[in-house]
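In what follows, every chain begins at residue 1, and chains take the letters A, B, ... in the order their sequences are listed. In this text, all values refer to a predicted model and were calculated from it rather than measured experimentally.
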2 protein chains.
Amino acid sequence: MTLPKRRGRNISDVHESDRPLVTVDIIIFTVRDSDLQVLLVKRNVLPFKDCWALPGGFVRMNESLEDAAKRELMEETGVHDVYLEQLYTFGEPARDPRTRVITVAYFALISSEKLTLKAATDVSAVGWFAIKKLPQLAFDHDKILAYAVKRLRWKLEYTNIVYSLLPDKFTLTNLQNVYEIIIDRQFDKRNFRKKLLSLGLLKDTKEMTQDVSHRPAKLYSFKKRSLEIRAVL
Amino acid sequence: MTLPKRRGRNISDVHESDRPLVTVDIIIFTVRDSDLQVLLVKRNVLPFKDCWALPGGFVRMNESLEDAAKRELMEETGVHDVYLEQLYTFGEPARDPRTRVITVAYFALISSEKLTLKAATDVSAVGWFAIKKLPQLAFDHDKILAYAVKRLRWKLEYTNIVYSLLPDKFTLTNLQNVYEIIIDRQFDKRNFRKKLLSLGLLKDTKEMTQDVSHRPAKLYSFKKRSLEIRAVL
DNA sequence: TGAATAGTGTCTTTCAGACAATATGCC
DNA sequence: GGCATATTGTCTGAAAGACACTATTCA
């Protein structure tokens, strides 16, 4: 008994016209105005001209996939040093009507704080959209986005990733709001605070909110702003 | 204020020589001989000639990534209908010394039962290797494999995926052994059984093991052989 | 003193984890 | 009876979840 002949194992077997294109698309999430929002760009070329799409572009020959994603992120938001992780690779042969395009999707999380500092997103055809009120999207971007939301919800429950969506200092109410907005469920205030404080992830900054017309709240910060995998909720 | 100029957005901007190659590599796991094992093939071409590597090959223009992975799986093991999921996409520019090759890694789980029925893996340069006794691997395949093991362990704890590593009927001891081998930790027999039975995933087949020279054990099967995400351990 | 939000404690139930003796079938 | 493995229950501590009142600041 012999093994089936292996085709395509040798690099010289692959003609240039047989090479698919590779892009990265990036799902940039933030929490703004009590909504989970995503950054979309309006296409100005065919196909799907004038349709909203995830920001993305071709991977250059000498950059890694992550570098390509970072470049796109920088181009769209002017922000760097945000949370970024590879999501999934979508490669159905017909997902782009022009030719075979395989896209590696990344997702990024940006705190609303960084946004108000740097975003120039009102200019031109770039915009933030609430997940619950999305326009029609180009290609299979609705599918990609749905998958990203699933991953984000999971990460929020099972890691400390929420740090990437909050400013350096925040109140426990801020924190709870982010959870409630993204997971789309209400939590009991006492249980939520008890749980989060017991995890030992937070540091009391000894500061209080200023200029509020009611009782001020304690400000907390994260001891570590790096990913840890452990159940949070 | 204007956005930076976007490059590479138009398909005609991408010259053929700028197109990376895309492959799929597949990590095929099984539990055999009290070990977590992975299928490797011996390369017969440069680079890394005579080195062991993950089975894989180029993605054809008209097949999806998953189809490409299934094709590789079929070619290497003669098995279909196994658990298969996309793992991660590796695309460092220098990961292949010849040219830019981006690989989409998949991992597959096969029950030892199916293997003994169909595998023809002793032929030619294909072999099963215990995770703890790996040879040196080609390219960045050691990194890919390490990531796959991590994902497998995680999936075992947080989903019912273990069904894909067991025959239709199995004893609770069989089940516990698979967990202990993969997670590399011992579990208390009473607590393990209590937990697994309480999840309601298993069905008592009313059959017993035959031809053992000691007390026979009950045989169980899974109610559903499809992925469910819920903590198992 | 009223409006708005911050902050806090108890009880119940469930689950994880530690732990050892008895049952069954074969030789 | 001896060997090998299967099967079973209790206790304790920790954590999840349900639940409501007091505290503080400002206008």
I'd like to know if [X] pairs up with [Y] as an ion pair, taking the criterion as any Lys NZ or Arg NE/NH1/NH2 lying under 4.0 Å from an Asp or Glu carboxylate oxygen.
X      : Y      : answer
A:E180 : A:R185 : no
B:D35  : B:K133 : no
B:R43  : B:D50  : no
A:D81  : A:K114 : no
A:K155 : A:E85  : yes

Take the protein atom [atom1] of [X] and the nucleotide atom [atom2] of [N], then report the distance between them rounded to whole Å.
X      : N      : atom1 : atom2 : value
B:F192 : C:dG17 : CZ    : C1'   : 15 Å
B:L172 : D:dT7  : CG    : P     : 6 Å
B:N174 : D:dT7  : CG    : C1'   : 15 Å
B:R193 : D:dA6  : CZ    : P     : 7 Å
A:L196 : D:dA15 : CG    : P     : 15 Å
B:N177 : D:dA6  : CG    : P     : 9 Å
A:L175 : C:dT5  : CG    : P     : 18 Å
A:K195 : D:dA18 : NZ    : P     : 14 Å

- Message: For the residue pair B:S112 / B:T30, report whether a side-chain donor-acceptor contact shorter than 3.5 Å exists.
- Response: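 Absent: no donor and acceptor within the cut-off.
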- Task: Check whether the side chains of A:S221 and A:D168 place a donor and an acceptor atom closer than 3.5 Å, and report yes or no.
- Result: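 There is no such pair between these side chains.
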- Heavy atoms under 4.0 Å is the rule here; annotate nucleotides 19-27 of chain D 5' to 3' with B where the base is hit, S where only the sugar-phosphate is, and - elsewhere. BB--BBBS-
- Message: On a heavy-atom basis, which atom in B:A138 and which in B:C51 lie closest, and how many Å separate them?
- Response: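 Of all heavy-atom pairs spanning B:A138 and B:C51, the closest is N-SG, 3.7 Å.
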- Message: Suppose we screen for side chain to side chain contact (heavy atoms under 4.5 Å, CB included). Which residues come up paired with A:V149, at least two apart in sequence or across chains?
- Response: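 So A:V149 forms a side chain to side chain contact (heavy atoms under 4.5 Å, CB included) with A:F29, A:I131, A:R153.
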- Note down the inter-axis angle between the two ends of the helix from C:dT1-D:dA27 to C:dC27-D:dG1, five pairs each, to the nearest 10°.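 Helix axis angle between the two ends: 10°.
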- Counting just side-chain N and O atoms, does A:K218 come under 4.0 Å of either OP1 or OP2 of C:dG7?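 Looking at the OP1 and OP2 atoms of C:dG7, neither is under 4.0 Å from any side-chain N or O of A:K218.
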- Query: Base, sugar-phosphate, or nothing for B:T173, non-hydrogen atoms under 4.0 angstrom?
  - Reply: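 Sugar-phosphate only.
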